[in-house]
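Below, each value reflects all heavy atoms present in this structure, side chains not excepted, and no hydrogens, waters or symmetry copies. Lettering follows sequence order; numbering is per chain, from 1.
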Amino acid sequence: MLQEGLTPAPAAVKRGSFPLVGEVDWTAMCTVAHRCRIAPIVYQCLRASALPVPRDVMDWFRVQHYETVARNLASLSELDAVLKAFAAGAIPAIVFKGPALAHFGNEMARSWQDLDILIHTGAVDQVESVLLKAGYPLIPGPVHRNHRRYAGAGNTHRGVLEIHFNISDPLRSHRPDVQAIWDRSAEMKILGVSARVPELTDHLLLTIMQLPHHHWSVRLLVDILHVVSRWQSEIDWDGLFRRAASWQMIALTRTALWVLITRFGASVPREVVSRVQPAGYYDRFHRGIADQAIDEQLAYPFRAQMLWIAPFVVVDRPGQVPAILLRRLLFGSGPSEEGKVERAFHRNMTTLAALPAVVRLLINSLRPSPGNGGMAPR
Amino acid sequence: MIDAKTRIRRNTDVAAHELGGTEGGVLLHLKSGQYHGVDTIGWAIWSLLDGSRSIADLAAELRPRFPDAPDQLADDVTSFLQDLLERDLVQVASPEPEASSPGPA
């Protein structure tokens with residue numbers, strides 16, 4: 001349904017487009033849409049379809065959509081104020097993630113949890129001073145190597161302002177070329193607000209780079225699907241693969257695109273399909289991990305196993321995985337209300353719980369999958 | 001009270017977004033945090049509230065866009081705008097409401 005609903009002409013989507021088997025479990029549909037934070041997108045798809053949706057279900061989805069739009073309007077107003085404060089201090093800033101997704105993708109149907117802004121490393125103190133003066137207090141918590149978090153100051157926006165001064169991912173060895181991202185970024189209007197946003201390929205790769213951190217979130221996959229669907233004629237695929245390789249995230253990029261093609265029907269050129277085909281044992285393992293992580297998110301009720309492991313194994317150099325897992329077990333994050341020992345225990349238990357599924361997948365990946373795995377290139 | 005001669009403008013503390021299709025739009029009061037959904041007619045009215053038109057002008061401009069609109073469209077528009085006014089989503093541009101203006105000597 002998402003695939004059909006995200007087509008450029010959603011009005012053409014009809015009931016017959018969805019091969020529904022049996023009755024729709026609307027409770028499950030609402031729960032999964034809410035959990036995956038894609039209720040506004042599902043609402044758009046439902047509206048575009050001729051599915052016989054119960055009135056109360058449609059009303060629930062409508063409220064989710066309206067609330068998302070209202071929250072985003074508040075965020076946008078806050079973003080405008082923050083960017084003006086930065087401009088007054090001559091502080092360059094790139095808007096990415098949530099609001100940038102509005103620019104490249106699905107505008108107001110995508111809920112922005114935080115406002116994410118990239119600044120130069122040398123501007124951290126100046127930004128802090130500007131934000132404190134403008135009424136944005138620093139949120140107390142452990143010092144993060146990549147960003148600082150400030151509480152929203154607006155009357156209506158109680159979200160978080162996340163100021164990033166580094167976007168590398170040392171745990172997984174992803175190394176985006178930050179200076180090149182700055183050089184390629186451009187001033188745009190995001191729903192009326194002037195903001196600097198990353199160039200299209202950078203934006204796609206930065207979004208893909210977030211997938212592990214967000215446990216292969218369906219919401220992020222839908223974001224990427226939306227960008228690919230909307231900008232497919234503009235995407236420089238060769239350039240994207242080259243850049244992904246130089247950012248040391250080619251395994252992740254190929255797996256993400258494969259998932260989008262096979263699970264969400266993303267329309268990409270035939271040569272892209274060839275480039276993301278599983279080519280060996282690790283490819284099959286990576287795709288199995290991503291597939292299962294998505295299945296677990298869409299399952300009702302929710303029982304996560306692979307979801308806890310998925311962030312740490314799809315890397316360019318598989319030899320790094322044991323060290324990544326060890327670091328995660330010893331130093332990883334967890335619920336802030338838990339103590340260090342509790343957090344470590346929690347991490348170890350979730351990892352142990354996933355082991356049987358991982359072992360099964362490791363064995364299954366020994367067998368080459370037949371054909372192209374159901375891919376339908378255009 | 002407002003009447004057919006009153007000109008109404010949008011409150012600048014309100015952020016609005018059109019949802020497209022047959023959905024109308026969402027209005028968010030940035031100070032109170034309250035949000036409101038409006039249908040397509042409500043959105044059409046909202047988009048015309050630049051303070052340059054009287055309510056009678058608004059109704060006249062809306063009628064060809066909504067051929068099925070009832071005869072009492074102007075009254076309905078007035079009632080809708082009164083509602084928006086009470087929620088501080090719009091402001092009176094001019095003339096000032098008659099009830100609050102000093103009467104002739």
Would you please test B:Leu19 and A:His65 for side chain to side chain contact (heavy atoms under 4.5 Å, CB included) and show each step? CA-CA 10 Å; B:Leu19 296 174; A:His65 187 212; 3.7 Å; yes
Can you name the nearest heavy-atom pair linking B:Tyr35 to A:Glu67, along with the distance? OH-CG, 2.8 Å
If we define contacts as heavy-atom pairs under 4.5 Å, which of B:Ala15, B:Gly20, B:Gly25 has the most with chain A? B:Ala15
Pairwise distance CD(B:Glu23) to CZ(A:Arg47) - rounded to 0.5 angstrom: 3.5 Å
Should we count NE2 of A:His34 as having more than 12 external heavy atoms under 6.0 Å? no
Taking all heavy atoms of B:Leu28 and all of A:Ala74, pick out the closest pair and write down the distance. CD2-N, 3.5 Å
Roughly how far, to the nearest 0.5 Å, is CG of A:Leu73 from CG of B:Leu27? 9.0 Å
